[in-house]
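Here is the structure we will look at.
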There are 2 protein chains.
Amino acid sequence: MTTRTDAPTRREQILREAARLFAERGFHGVGVDEIGAAVGISGPGLYRHFPGKDAMLAELLVGISERLLDGGRRRVAESDGDPEALLSALIDGHIDFALHDRALITLHDRELDRLRETDRKLVRQLQRQYVELWVEAVRRAYPSLAEPDARAAVHAVFGLLNSTPHLGPAGTLVGRPATGALLHRLARGAFAAAAHEDSGDAPGAPAAD
Amino acid sequence: MTTRTDAPTRREQILREAARLFAERGFHGVGVDEIGAAVGISGPGLYRHFPGKDAMLAELLVGISERLLDGGRRRVAESDGDPEALLSALIDGHIDFALHDRALITLHDRELDRLRETDRKLVRQLQRQYVELWVEAVRRAYPSLAEPDARAAVHAVFGLLNSTPHLGPAGTLVGRPATGALLHRLARGAFAAAAHEDSGDAPGAPAAD
DNA sequence: GCCATACGTTAACGCTCATTAACGTTCTCG
DNA sequence: CGAGAACGTTAATGAGCGTTAACGTATGGC
């Protein structure tokens, strides 16, 4: 296979529009005719580029997961050993992604179950590795944090960072650098608080029914 | 109309199963036959209880939004004036909901666009009021926080608290009181960090392209 | 006893939609 | 030129699915 970074080809155009539409209306809520229309061709013309609608979603989700994992691994490799700095770098990388590719962030945790068994397992494996990478970084930065708590905290912070699609239309809050800085502070503050068992007067668990 | 809290009637049974299935496979991914089968009747028998599939989703989403807003308002009304305590109470209420009704939490921010215009506007209005209620509470607890930042922080913390569906199958992390306490600490830590502009060495916004 | 209501059933109907068939049109390169 | 890849088009096909029709059955009050 050849990995080209030459120009935005038709194929990439399709993927971008499909991501946007899937994020807006859900995988089952978008027809192939719509995707085709979004790139100027119509309907079955897409089948010159993809074997089917499923394949588009699969390529999107695998691509997202790989990009996230690769970015995380690169930052780990570039780390100078300071756990705090590594954690900050991971957070920045994720924020960058969440702010820049909101549609993909939305798909990432929403349409996973629409994949064929084999693709779904691949994506889940990539996601798991990415989570593990974070859990290790968090535990190095906050050694007092128990492993299950660290894992839950990582998932929760992902939820926090991935909230960018809820910040309203692009331009209002998304896009200005202050939002990235705010998200960074929120994430760091959450992790720091997780490590402090003695949080003072906070009552803790709410009463279940 | 009569509001009965007598027993789990067939209608409520349908709503519960529909919520579970919609959360698992998405609104468009579930057929009416499946919903019927889940409650022991089959297919079009559902139309004795609901005018259509849309109506089930609408009732679910409106119900969730109303319950969240009512719970929030109740806590505001019961507040003794301590902003910190009110914020903690709001967080506990939301955590209680997120841990107990994970399917509904999933639907709440995922299938909103599948509603008819009128229902969607209603749900959005309820959601907006709930957010406003939180924003006010946050700003009272942290007066230094600017309004847009407070709003973004609230959305982000919702994303954090609503991460419970990602915590794996019920029983592992969900359900034990420690998880509720952890989520509470994470949320409080995030808000506290949002208010501190001077967070030391944290670099801030990542570089967008 | 009997009619009305509540609650189901199975068998169409009709529409949407992914996929395939059959048929052009450039564009390139030998 | 002229063959053949690359890329599209419109028309059919066929399955899935929400909804409606037409048809039971128990139940409960008059």
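Just so it is clear: chains get the letters A, B, ... in the order the sequence lines come, proteins before strands, and each one is counted from 1.
- Atom NE2 of A:His28 and atom P of C:dC17 are 12 Å apart (whole Å).
- The separation between B:Ile14 atom CD1 and D:dG18 atom P is 15 Å, rounded to whole Å.
- Using a 4.0 Å heavy-atom distance criterion, A:Gly31 is classed as a sugar-phosphate-only contact.
- When each of C:dC7, C:dA18, D:dG18 is scored by its nearest atom to the side-chain atoms of B:His49, the top-ranked nucleotide is C:dC7.
- Electrostatic pairing of A:Arg139 and A:Glu136 does not count as a salt bridge here, judged by no charged N lying under 4.0 Å from a carboxylate O.
- For the pair B:Arg67 and B:Asp101, the salt-bridge criterion is met [side-chain N within less than 4.0 Å of a carboxylate O].
- With salt bridges taken as basic N to acidic carboxylate O contacts below 4.0 Å, one links A:Arg120 and A:Glu117.
- Salt bridge present: A:Arg176 and B:Asp149 bring a charged side-chain N and a carboxylate O closer than 4.0 Å.
- Distance B:Arg11 CZ to C:dC7 P: 11 Å, rounded to the nearest Å.
- Each of A:Val32 and B:Gly40 has a nearest nucleotide on DNA chain C; the 5'-most of these lies closest to B:Gly40.
- Between B:Tyr130 and B:Leu68, the closest heavy-atom pair is CE1-O, 3.3 Å.
- Atom CZ of A:Phe27 is separated from atom C1' of D:dG16 by 15 Å (rounded to the nearest Å).
- Among the nucleotides D:dG8, C:dT19, C:dG8, the one closest to any side-chain atom of B:Arg48 is C:dG8.
- Spacing between atom CG of A:Asp33 and atom C1' of D:dA11 amounts to 13 Å, rounded to whole angstrom units.
- When each of D:dT10, D:dT20, C:dC7 is scored by its nearest atom to the side-chain atoms of A:Pro44, the top-ranked nucleotide is D:dT10.
- The listed nucleotides are D:dC23, D:dG18, C:dT19; the one nearest the side chain of A:Tyr47 is C:dT19.
- Within the 4.0 angstrom heavy-atom criterion, no nucleotide atom of any strand lies near B:Val39.
- Going from atom CG of A:Leu46 over to atom C1' of D:dC7 covers 12 Å, rounded to whole Å.
- Put simply, CZ on A:Phe50 is 19 Å from C1' on C:dT20, counting in whole angstrom units.
- C:dT19 atom C1' lies 13 Å from atom CD1 of A:Ile35, rounded to whole Å.
- Within the nucleic acid shown, A:Gly43 has no heavy atom closer than 4.0 Å to any nucleic acid atom.
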